[in-house]
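What follows is one structure encoded as structure tokens, with my remarks underneath.
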Amino acid sequence: MKCSIFLHRRVRAPGTQANFAVQFAFERISAHLKFLDPTVEKELTMVEVDEAERTALLTALQLTNDPRVQAIGRDVASAVRLSVAISSEKEFLMQQVESALLHQYGSIQSLRRDVVPNALLKLWGQNEPERLPSLAASKWQMTLEQPNVESMSISDELPQLIELSSVTDEDKAAVVEGAALVEGRYLLDLLLTCVRWLRPTWSTDLLSSLDFARTQLGHHCEPDPPAPTGDKVDLAQVVLCKLKFGAQGMDALRANFVTELMRNSTARDPVPQAV
């Protein structure tokens with residue numbers, strides 16, 4: 001199955017209002033990608049994934065809903081929040097995030113080994129030591145995109161609380177569409193991982209393709225939101241932000257794996273002999 005077809009088929013669902021919102025969101029991603037970044041869109045049409053890889057990609061999407069993965073993503077968010085106050089430079093943020101997670105290296109590694117299938121590890125670079133430099137360079141790619149960094153930063157934005165009894169179908173559809181854009185962005189990152197693994201010389205720069213979704217992708221998220229009071233809830237925090245934390249947690253699992261690959265590769269390299 002070609003990557004772009006996989007992205008398109010992902011939108012098919014029964015015809016409830018919320019599912020129509022999901023379908024609309026995924027179709028927006030496909031259309032804007034084709035219009036604003038035709039190079040990447042063309043590459044996605046040329047790369048095919050087999051059934052095992054397709055299953056691995058769907059598993060990765062499902063893992064963004066895993067509370068353990070989301071908990072790691074919250075820790076990533078806290079590290080981004082503290083660091084961006086000093087500098088928003090990507091290399092600095094990456095170093096600070098990885099330093100903040102260093103004490104969790106073993107537990108993240110253990111979770112990764114429990115939940116990430118081998119087919120996904122293959123797309124993450126397993127048994128491909130010659131591709132480690134490009135894999136290392138693409139770590140945290142989605143987490144460190146500007147809209148996402150902004151969404152994890154301190155904000156004066158007040159929570160949009162609404163009484164559960166007052167939630168309308170339109171409210172549900174709006175938050176589901178935003179969550180679908182987050183899921184679609186993560187799915188696109190997974191598909192670009194396919195491109196990096198299968199065609200490492202091709203472009204995976206999205207340029208400004210997703211600027212149309214900046215509002216949703218940049219929606220403010222609290223790593224440690226206050227406990228709900230009464231019957232009121234912030235729908236975006238409950239639905240959209242959990243997926244954002246899940247995607248960041250998956251970024252952490254992948255970064256952990258790439259780090260392990262690099263350590264193993266270094267350990268296998270022969271020690272230079274003194275002349």
Side-chain angles (χ1 to χ4, degrees), residues 43 47 49 52-53 56-57 59-60 63-64 66 68-69 71-80 82-84 86-145 148-149 152 186 188-206 245-274:
E43 290 172 354
V47 174
V49 294
E53 291 163 347
L57 293 174
T59 300
L63 285 172
T64 61
D66 189 312
R68 297 168 296 176
V69 176
I72 297 171
R74 292 180 186 276
D75 291 336
V76 172
S78 296
V80 169
L82 289 172
S83 304
V84 77
I86 302 171
S87 171
S88 59
E89 197 272 323
K90 283 189 176 182
E91 187 66 26
F92 173 77
L93 291 178
M94 182 175 71
Q95 292 172 355
Q96 294 302 305
V97 168
E98 294 193 342
S99 293
L101 295 179
L102 194 58
H103 71 287
Q104 297 185 55
Y105 183 89
S107 59
I108 293 174
Q109 181 187 60
S110 178
L111 177 61
R112 189 200 77 226
R113 290 175 174 174
D114 285 345
V115 302
V116 178
N118 283 331
L120 184 56
L121 294 179
K122 182 180 178 182
L123 293 177
W124 284 358
Q126 190 175 50
N127 301 322
E128 297 288 339
E130 71 278 4
R131 296 180 184 172
L132 282 178
S134 63
L135 292 169
S138 63
K139 287 191 302 181
W140 304 105
Q141 187 154 313
M142 190 180 66
T143 293
L144 298 182
E145 284 181 344
N148 193 69
V149 170
M152 301 298 151
Y186 180 55
L188 184 55
D189 196 61
L190 290 170
L191 296 178
L192 292 176
T193 298
C194 294
V195 174
R196 295 185 199 107
W197 188 81
L198 297 169
R199 300 289 188 273
T201 62
W202 288 5
S203 169
T204 53
D205 188 349
L206 291 173
F245 294 137
Q248 290 183 165
M250 290 301 293
D251 258 5
L253 294 184
R254 178 173 176 263
N256 178 276
F257 183 60
V258 172
T259 298
E260 181 180 292
L261 291 178
M262 295 178 72
R263 288 179 176 177
N264 291 341
S265 176
T266 301
R268 288 194 298 268
D269 288 342
V271 177
Q273 300 297 313

For this session: Hey, could you give me the CZ/OG distance between R68 and S110, rounded to the nearest 0.5 Å?
Result: 9.0 Å
Problem set entry | Any residue meeting side chain to side chain contact (heavy atoms under 4.5 Å, CB included) with Q96, in chain and number order, not counting sequence neighbours | S83, F92
Problem set entry | Test item: T64 and M250 side chains (from C-beta on) under 4.5 Å apart, heavy atoms | yes
Problem set entry | Contact check, side chains of F245 and M152, non-hydrogen atoms, under 4.5 Å | yes
Exercise. Between the side chain of T259 and the main-chain N/O of A255, is any donor-acceptor distance below 3.5 Å?
Worked result: yes
Seminar exercise, completed: All heavy atoms of A247 vs all of M142, minimum pair found to be CB-CE, 3.1 Å
Seminar exercise, completed: One should read off an interatomic distance between N256 CG and D251 CG, to the nearest 0.5 angstrom, of 12.0 Å
For this session: With the side chain counted from C-beta on, respond yes when I108 and I72 share a heavy-atom pair under 4.5 Å apart, and no when they do not.
Result: yes
Problem set entry | Taking every non-hydrogen atom, the tightest pair across A52 and A119 | O-CB, 3.6 Å
Problem set entry | side-chain contact (heavy atoms from CB on, under 4.5 Å) between V149 and L93, intermediate numbers included | CA-CA 9 Å; V149 170; L93 291 178; 4.1 Å; yes
Exercise. Taking C-beta and beyond as the side chain, do W124 and V116 meet within less than 4.5 Å on heavy atoms?
Worked result: yes
Seminar exercise, completed: Rounded to the nearest 0.5 Å, the CG atom of L121 sits from the CG atom of L253 at a distance of 10.0 Å
For this session: Find out whether K90 and W140 are in side-chain contact, i.e. whether some heavy atom of one side chain is under 4.5 Å from a heavy atom of the other.
Result: no
For this session: Keeping to residues at least two apart or across chains, list the salt bridge (Lys or Arg N to Asp or Glu O under 4.0 Å) pairs with something in residues 102-114.
Result: R112-E260, R113-E260
For this session: Applying side chain to side chain donor-acceptor pair (under 3.5 Å), name anything that partners Q95, two or more places apart in sequence or on another chain.
Result: none
Exercise. Can you check side-chain contact (heavy atoms from CB on, under 4.5 Å) on V97 and T143, steps first, answer last?
Worked result: CA-CA 10 Å; V97 168; T143 293; 5.7 Å; no
